[in-house]
Amino acid sequence: MRLDHIGGIAALTCAGTYIFGFALLVTVLSGLGFGTNEVDAAAVVRFSVDHTAIMITWNTVIYIVNAVALAVLVVTLAGRLKSRAPHWSALTRAFGLIWSTLVLAAGMIANVATERAVSLAERDFDRAVQTWDILHAVELGLGGGNEIAGGVWILCVSLAGRVRPAFGKAVVALGLLTGVSGMLTILPPLGELAGSVFGLGAIAWFIAVGLRLILKTGTAAPATRRRNRPPQDPQSLIKAD
């Protein structure tokens, strides 16, 4: 299996983790305030005590699984750009791996926060709430509350694809929109709206990139084999006739 094909699967996996996260956010976790500036820490701790597995699964999928798949995609896209734009390739690899590291760290913090809060809640509920609130702030600082690192990476990949065509125009345009919206999450008045635009845009961008990597890999193989086929000796053709 070629790296492009693996990268395509990784991109679709990233999209899947976002969809899974949004699905739980608007259903099971809708009353807890996640994704807003008004998270109810006490309600989160109560929910975590009663549904620890759901919280651990949610954190693991949206952060840890996403980070692993993202790292694979980063390396794949950087390799795809290397022959066309080596400097852009190095830049996108750097920002992409920074983002995947931050996402992974946020996921580990989120799971520790859940486990610690559940453990403390039996003895001291108020302390459990305070502990979760502090660790959640760290999680948000690493990337759960802003999309700056992701916005920079997607924007760089899209700019590279525009300067040295490596993706379709629609994919590049979608990436530019998504990247800019991610960077706008640094502005508090626009944080929630920009974050929503980034999340939905990222889902579409990951799917578009994933399908392009997978389908182009599948259709490019025969051409590659033809290019690599050694030329036939004209004398042998004459003899064959």
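Note that the numbering runs from 1 along the sequence shown for the chain.
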Apply the test side-chain contact (heavy atoms from CB on, under 4.5 Å) to residues L73 and L213: give CA-CA distance (whole Å), side-chain angles for both, the deciding distance (0.1 Å), then the verdict. CA-CA 10 Å; L73 178 61; L213 288 173; 4.0 Å; yes
Start with the C-alpha distance between V65 and T13, add both sets of side-chain angles, then the distance that settles side-chain contact (heavy atoms from CB on, under 4.5 Å), and finish with yes or no. CA-CA 8 Å; V65 174; T13 300; 4.1 Å; yes
Distance-only criterion, 3.5 Å: show the donor-acceptor pairs between side-chain atoms of residues 198-208 and protein atoms not counting sequence neighbours.
none

Consider only side-chain heavy atoms of I, L, V, M, F, W and Y, link residues closer than 4.5 Å, and tell whether L187 and L155 are in one cluster. yes
According to the side-chain hydrogen bond (donor to acceptor under 3.5 Å, both in side chains) rule, which pairs have a member within residues 168-188, sequence neighbours left out? none
Run the side chain to side chain donor-acceptor pair (under 3.5 Å) test against S196 and tell me which residues pass, sequence neighbours left out. none
Qualifying ring pair (Phe, Tyr, Trp, His ring centres under 6.0 Å) pairs, either residue in residues 45-84, two or more places apart: F34-W58, F47-H51
Backbone N or O of V72 within a donor-acceptor pair of the T76 side chain at under 3.5 Å? yes
Taking D124 for its side chain and L120 for its backbone only, find out whether a donor-acceptor pair lies under 3.5 Å. no
What residue pairs, at least two apart or across chains, pass ring pair (Phe, Tyr, Trp, His ring centres under 6.0 Å) with a residue in residues 80-108? W99-W153
V112: partners by side-chain contact (heavy atoms from CB on, under 4.5 Å), with sequence neighbours left out: L135
Of all residues at least two apart in sequence or in a different chain, which pass the side-chain contact (heavy atoms from CB on, under 4.5 Å) check with A42? D40, R46, F125, V129
Checking L102 now: which residues fulfil side-chain contact (heavy atoms from CB on, under 4.5 Å) with it, not counting sequence neighbours? I98, L142, A149
Distance check, rounded to the nearest 0.5 Å: L215 atom CG versus H5 atom NE2? 9.5 Å
When you compare the side chains of T60 and N111, does any donor N or O come within less than 3.5 Å of an acceptor on the partner? yes
Exam field: side chain S119 to backbone E115, donor-acceptor pair closer than 3.5 Å: no
Heavy-atom side-chain contact between I64 and L104 under 4.5 Å: yes
Output side-chain donor-acceptor pairs under 3.5 Å for residues 16-26, partner residues at least two apart or in another chain, one line each.
{"residue": "T17", "atom": "OG1", "partner": "C14", "partner atom": "O", "Å": "2.6"}
{"residue": "T17", "atom": "OG1", "partner": "N66", "partner atom": "ND2", "Å": "2.9"}

Partners of E192 by side-chain contact (heavy atoms from CB on, under 4.5 Å), sequence neighbours excluded? T36, N37
